[in-house]
Structure formats: C-alpha cells, structure tokens
There are 2 protein chains.
Amino acid sequence: MAENAGPAANETLLFLTDDQIRKGIEAMFFAYRGFTADPDRILAVQGYGRAHHRAMHFINRSPGTTVNNLLAILGVTKQSLNRVLRTLIEDGLVRSEVGTRDRRERHLYLTDAGAALEHELSTAQRDRMRAAFRQAGPEAVAGFRRVLEAMMDGDMRRHYVRFRETDS
Amino acid sequence: MAENAGPAANETLLFLTDDQIRKGIEAMFFAYRGFTADPDRILAVQGYGRAHHRAMHFINRSPGTTVNNLLAILGVTKQSLNRVLRTLIEDGLVRSEVGTRDRRERHLYLTDAGAALEHELSTAQRDRMRAAFRQAGPEAVAGFRRVLEAMMDGDMRRHYVRFRETDS
DNA sequence: CTTGGAATGTCAACAAGGCTGACATAAATT
DNA sequence: AATTTATGTCAGCCTTGTTGACATTCCAAG
C-alpha cells in the first residue's frame, strides 16, 4: 500500500493523534444525522422509513437487480428486506418480475410513482451534499472520498467500487 | 462565507455534478457501516446496542453532564434515552448524582466498569479511523473534516464545535 | 428420470430502540 | 402560593433489525 510520503512526514503525523481521531469520529456522528435528516422528514409524512429509501435508491441505481443482490448491498437479512419490499410493491412503488432465466429470482424495478418518490428523496439529499461540497471545495471533497473509502469494510468497498465504476 | 476561489474555477466545478454528488452519498452510506461495525460487534456480545455506546461516549466526553444536556446532543426523546440510561445504571456502568446547585438535575458519570467498556469500544472505533486516516493522508483528512462539518445541521454543528474546542 | 440438495423468496414472531402522550415528583422561580 | 423546569415512569405504537420454519425452483448426481 503506497504510504503517504509527503513533505515533513514527521510533523504531519500529528493528524493521527487520539484527539484528532476523536474529532473525526464525532464529525462522522453529527454529519450522518444531517445526511439523513432531509429524506427522513419527507419519508415520515408518507409512513415510510430509511429502509425504504435505501431500497429504492439501489433499485434505481441498478434496475432489474435481484433480491439477493440487494441483500448483499444493504447488509440486512432477506426477511428484513422482504418486509420493506412488500410494502413498496403493495403501494405500487416497486415492481417485481419473476426471472426468465431463473424463475426463483425476482427482478426489481421502480414504477413511475416509485421513481418520482426516489427522485424527491435523492434531490433533498443531493441538495445538502452539494451545498457541503461547494462550501468545502474540490480538494476537500477528494479527501472526503478518500477517507470514506478507506473506512469501508472490504465487502462494502466491493459494492461501492462496482457502483462507482458503473456509468462513471 | 468565503467561497472557494482556487485556480481554474470553471473546470473544478465538475466536482458538483450529480454523479459526483451521488458517489459522495454512496460513500457516506457504505463508510458509515464500517464506522459502526467494530463497536457493534463488541456490544452485541454484552446485550447492548448502539444507543448505549453513544450515551457512554458523550458521558465520557463531558463527565457530570446532565440528562437534558445529553438529550440535546443525542437528539432523542427523554423516554428513549432514559431506557438506555436505566439499564446502564442498573448494570453499574453509569453513576447518576443529584446536583448540588440544582437538585433537580442528575449529573452522569461513567463508573470504572463503564469507563473500561467505553474504552474498549472507542479503541475499536479509533483503530479503524486511524487506519483510514493514515491511508488517506493528512490533507485528505482535513478535507474529510471540512465536508462533514459543512454537512451538519445547525444544532448539531453547535454541539460538535463545542466539543471540538473543549480541551482541544 | 428421479431425487436430494442448494438457492431464492415468503410468512410469523420477537427484540431493540425510536416515537408520542399522560402523568408524578421535586426543586427552582416568580 | 402558583408556575415553570428537570427528570423519571408507564403505556402503547412504529420501523427495522433478528431467527426459525417453510415453499418454490433449479440443478446435478445417481
């Protein structure tokens, strides 16, 4: 792994003190609340929760994905996901199609109504993220991404990278 | 607020495209899982959850804090927090002392056992954060913090800043 | 071809931890 | 004395995690 070999390597190690790390941890905690606040507000009105948002986000990202696939990405049990999917399907936001090649699989798509809600949610979340990005500047954003990627578990990083490379 | 006025301002606006923002959103989602994974594993063994971790973290950060104070930081209802605090007090991890100046208040402290568990949890979390910081480098870390701070809600930023400036 | 296992998805029941509402108590404030 | 504030508690609800049991479908070994 290519270690950072910048100038004044001795001095810059200050960024690894427990105190700096602790600040990072608290920043992560408080920021994540902001990250989910806007979609949560919208969802509460409709009687949905964060789990519905996550499902719709990733169905939108890869239409036709299977339940199993979604399971691996979301990192929950199939039973948990199923409850969420059931309500989304009942409410006409998600469409589930039996696979043609393998009839055990269900391929998931957003309906028009589902796409509309997903768009509303993701717009709210994107607006805040965009404001933060603009305020912090492009170099900060690059660093933000770099740290987050290094923080992911191996499995999650695989999913993330797969998405990152899709339709770059 | 001082807008970024770096060189090639035209070109660098590319970092604000919807696609870049979406990558940031997904990075945040996947990274937060890694962020909580290690403490969650430890907590599961003891029958506690993330809520207990958060309470202990902030009691450790400001010993003697009141219930009301903790409520504002954690952003939950008193009923929710009380359930968690009750079990922590019953199990001898947290001590609650009636205030001397204002006897309505309860001041919260970690017991030795509580401090030990808190330390175990925060060590696990810090280790991962430190690894990510080291891998990403000091400039990336600065950017990471900058973006997260810009992402916080106003109230949360107030709490964060208060902590950040305490015993810097 | 049949049969047994593996993969996939569904239903039921439970627990953690959010939430609201109502209420009690004690202390401080007016 | 009356009101407000800080805290705790009870009851009940919702979302979203969990396990266990089960149905369906596919595939591969006999």
Side-chain angles (χ1 to χ4, degrees), chain A residues 29 32-33 36-37 39-59 64-91 93-108 121, chain B residues 29 32-33 36-37 39-57 59 64-91 94-109:
Chain A
F29 170 70
Y32 199 77
R33 300 262 295 277
T36 57
D40 281 358
R41 247 190 304 278
I42 298 171
L43 287 158
V45 177
Q46 258 125 333
Y48 293 126
R50 215 173 280 178
H52 300 83
H53 180 196
R54 291 196 286 258
M56 285 195 291
H57 175 95
F58 287 108
I59 292 172
T65 189
T66 63
V67 172
N68 232 2
N69 223 314
L70 210 48
L71 238 47
I73 291 167
L74 297 175
V76 296
T77 58
K78 61 182 177 174
Q79 294 89 332
S80 208
L81 175 58
N82 191 256
R83 187 188 323 121
V84 168
L85 284 179
R86 199 190 320 159
T87 71
L88 289 174
I89 291 168
E90 278 169 8
D91 296 353
L93 301 176
V94 166
R95 185 163 42 87
S96 163
E97 284 187 3
V98 173
T100 51
R101 226 185 36 197
D102 185 335
R103 291 167 44 81
R104 289 171 302 182
E105 294 178 340
R106 301 299 135 93
H107 297 270
L108 304 169
L121 295 171
Chain B
F29 170 70
Y32 199 77
R33 300 263 295 277
T36 57
D40 280 358
R41 247 190 303 280
I42 297 171
L43 287 158
V45 177
Q46 261 126 329
Y48 294 124
R50 215 172 282 178
H52 301 82
H53 181 195
R54 291 195 286 257
M56 286 194 290
H57 174 95
I59 292 172
T65 189
T66 64
V67 173
N68 235 359
N69 223 315
L70 209 48
L71 238 48
I73 292 167
L74 296 175
V76 297
T77 59
K78 62 176 180 177
Q79 295 92 330
S80 222
L81 175 57
N82 194 256
R83 190 182 340 160
V84 168
L85 283 180
R86 201 186 325 162
T87 71
L88 289 175
I89 291 169
E90 277 170 9
D91 296 355
V94 166
R95 186 164 41 89
S96 164
E97 282 188 6
V98 173
T100 51
R101 225 185 37 198
D102 186 335
R103 290 166 48 80
R104 290 171 303 180
E105 295 179 339
R106 300 300 138 92
H107 298 271
L108 304 169
Y109 302 88

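So you know, we letter chains A, B, ... as the sequences are listed, proteins then strands, and number each from 1.
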Could you tell me which residues satisfy salt bridge (Lys or Arg N to Asp or Glu O under 4.0 Å) with B:Arg33, sequence neighbours excluded, listed by chain and number? none
Rounding to 0.5 Å, atoms OG1 (A:Thr66) and CG (A:Leu71) come to a distance of 8.5 Å
Using a 4.5 Å cut-off on heavy atoms from C-beta on, say whether the side chain of A:Arg50 contacts that of A:Asp40. yes
In terms of the angle between their ring planes, are A:Tyr48 and A:His52 parallel, tilted or perpendicular, with boundaries placed at 30° and 60°? tilted
Quick check for you: among C:dA28, D:dG8, D:dC26, whose closest atom lies nearest to any side-chain atom of A:Arg104? D:dC26
Quick one: B:Leu71 CG to D:dT5 P, roughly how many Å, whole number? 16 Å
Atom-to-atom span, CZ of B:Arg101 to P of D:dT7 - whole angstrom: 12 Å
Whole angstrom value for the distance that separates P of C:dT10 from CG of A:Leu108: 9 Å
Let me know the distance between CG of A:Leu74 and C1' of D:dT18, rounded to the nearest Å. 16 Å
Separation of atom CG in A:Leu70 from atom C1' in C:dG9, rounded to whole Å: 13 Å
Using whole Å, report how far CG of A:Asp40 lies from P of D:dC14. 18 Å
May I ask you to verify if any side-chain N or O of A:Asn82 is less than 4.0 angstrom from the OP1 or OP2 atom of C:dG9? no
Closer than 4.0 Å, any side-chain N/O of B:Asn68 to the OP1 or OP2 of D:dT7? yes
To the nearest 0.5 angstrom, please state how far the CE atom of B:Met56 sits from the CG atom of B:Leu85. 10.5 Å
With the sugar-phosphate defined as primed atoms, P, OP1 and OP2, and the base as all remaining atoms, what B/S/- string results for nucleotides 15-25 of chain C, 5' to 3', for protein heavy atoms under 4.0 Å? --BBBBBB---
Pairing of A:Arg95 and A:Glu97 as salt bridge, 4.0 angstrom limit: yes
Should the ring pair B:Tyr32 and A:Tyr32 be called parallel, tilted or perpendicular, given that the plane angle runs from 0 to 90° and is split at 30 and 60? parallel
Rounded distance (Å) that lies between atom P of C:dA7 and atom CZ of A:Arg106: 17 Å
Whole-Å distance, A:Arg103 CZ to D:dA23 P, equals 18 Å
